[in-house]
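Working notes, beginning with the structure itself.
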Protein chains: 2
Amino acid sequence: MATTDKASPRERLLDAATELFYRDGVSIGVEALCKSAGVSKRSMYQLFDSKDEVLAASLERRASGYAARIAAGVDDAGTPRERILYIFEQVEKVSVEPGFMGCPFLAALVELKDPEHPASVVARAAKERMQDAFRVQGELGGAREPELLARQLMLVFDGANARAGAKLETLDGLTLETVTTLLDAGGVA
Amino acid sequence: MATTDKASPRERLLDAATELFYRDGVSIGVEALCKSAGVSKRSMYQLFDSKDEVLAASLERRASGYAARIAAGVDDAGTPRERILYIFEQVEKVSVEPGFMGCPFLAALVELKDPEHPASVVARAAKERMQDAFRVQGELGGAREPELLARQLMLVFDGANARAGAKLETLDGLTLETVTTLLDAGGVA
DNA sequence: CCAAGAGGAAACCGATCGGTGTACAAGCTT
DNA sequence: AAGCTTGTACACCGATCGGTTTCCTCTTGG
């Protein structure tokens with residue numbers, strides 16, 4: 001009932017999974033998940049092999065959404081430097097919203113310690129896609145070492161997400177300032 | 001049986017808790033914890049009010065150990081810049097060890113989403129102590145904005161820990177290079 | 001109008017969760 | 001030796017875990 005009510009059971013499950021796994025962690029029970037989705041456990045286990053697969057699928061869908069938006073934004077107006085900074089503006093913006101708890105992919109990787117877990121594989125792939133996007137923008141911007149720059153940006157990105165999500169930091173310009181320093185030092189116009 | 005066998009039940013419990021909560025996450029059961037510590041559940045609940053308190057106490061002890069080492073290292077040989085870089089050398093070194101899973105305090109904060117959880121309070125205090133240490137070194141090193149620098153260093157520190165712990169990054173100089181850039185830009189000699 | 005499948009409600013499975021209660025065996029101190 | 005604390009062993013509690021099964025009610029195509 002927290003999500004769309006007219007969608008297919010599969011969509012409703014993924015919606016609920018996205019929200020509950022993020023808010024309450026991967027230890028949320030199948031019972032609560034199905035109840036929130038308005039779907040019977042029986043249906044869930046017909047659509048997915050296990051709870052773990054539901055989690056993996058929900059992360060996969062989230063990652064696809066991000067990838068689509070990033071791909072669409074590649075030829076947006078602005079310089080590569082502006083596009084990189086825009087990402088961190090968005091991070092700072094969402095980080096102050098009420099339910100913010102950091103990057104969902106990183107959270108999943110931390111919670112399920114197993115790097116071979118299906119959801120871990122999906123999450124890692126999503127993070128790598130983002131790093132690739134940073135590297136591409138670095139190349140376009142004339143970075144001396146685009147790969148190094150991309151790894152540095154991911155460091156800041158994940159650090160900011162983790163610290164803001166854990167209520168250790170409020171950002172408010174911190175990542176912008178830091179990223180600017182790194183872009184300057186890296187030779188990005 | 002994995003830890004010292006001649007210590008007090010309390011110490012054995014904290015030893016086991018430190019290891020198991022880090023390796024398997026906060027969802028490790030009381031049964032497994034006590035068995036690993038060689039302590040009966042009855043004793044555990046006489047020494048601690050709840051499993052959550054055991055977790056908080058184990059983090060507290062770990063934080064005290066770190067604080068002692070940092071306090072001892074403040075008047076070590078070397079410049080503030082060297083002392084800051086030394087911390088990140090250590091991070092890069094332990095990050096390649098087999099059982100490494102990132103910063104235990106950050107992991108606890110991510111897993112227990114509740115910022116009011118007793119263990120969360122302990123973990124956050126530990127992180128703040130570290131940020132203070134960075135700021136002090138920044139002041140000693142002549143940083144233009146010591147507080148900003150400390151926050152940036154924590155961003156890199158936590159980002160590196162999270163990413164290396166999640167097997168997303170291998171570091172190998174990445175943090176040293178990044179921190180050097182930030183120290184240069186921040187005016188630390 | 002009726003058959004067939006989809007999907008929901010809920011009982012049920014064994015296992016485990018955090019936490020207690022009880023009984024008993026050591027080591028102290030006096 | 002008596003009495004006390006300390007700690008263990010273990011059964012037990014209700015709740016919940018992930019997952020399965022049964023039953024029944026809808027919708028929909030023919």
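All figures in this text were calculated on a predicted structure; none of them were measured in a lab. Chain letters run A, B, ... following the sequence lines, proteins first, then strands; residues in each count from 1.
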*asked:* Run the side chain to side chain contact (heavy atoms under 4.5 Å, CB included) test against Asp172(A) and tell me which residues pass, sequence neighbours left out.
replied: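 Per chain and number, Asp172(A) pairs via side chain to side chain contact (heavy atoms under 4.5 Å, CB included) with Thr170(A), Arg151(B).
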Ring pair (Phe, Tyr, Trp, His ring centres under 6.0 Å) involving [X] - partner list, sequence neighbours excluded:
X: Tyr86(A); answer: none
X: Tyr66(A); answer: Phe105(A)
X: Phe21(A); answer: none

*Using whole Å, report how far CZ of Phe48(A) lies from P of dG7(C).*
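From Phe48(A) CZ to dG7(C) P: 12 Å.
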_Nearest whole Å is fine: how far is dG19(C) P from Leu55(B) CG?_
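After rounding, the gap between these two atoms is 12 Å.
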*Starting at the 5' end of nucleotides 8-22 of chain D, put B wherever the base has a protein heavy atom under 4.0 Å, S where only the sugar-phosphate does, and a dash everywhere else.*
BB-------SSBBBB
Please report, to 0.1 Å, the donor-acceptor pairs under 3.5 Å made by any side chain of residues 112-124 of chain B, with sequence neighbours excluded.
residue	atom	partner	partner atom	Å
Lys113(B)	NZ	Glu111(A)	OE2	2.6
Asp114(B)	OD1	Glu116(B)	N	2.8
Asp114(B)	OD2	His117(B)	N	3.4
His117(B)	ND1	Ala119(B)	N	2.9
His117(B)	NE2	Asp52(B)	OD1	3.0
His117(B)	NE2	Asp52(B)	OD2	3.4
Ser120(B)	OG	Asp114(B)	O	2.8
Arg124(B)	NH1	Pro115(B)	O	3.4
Arg124(B)	NH2	Pro115(B)	O	3.0

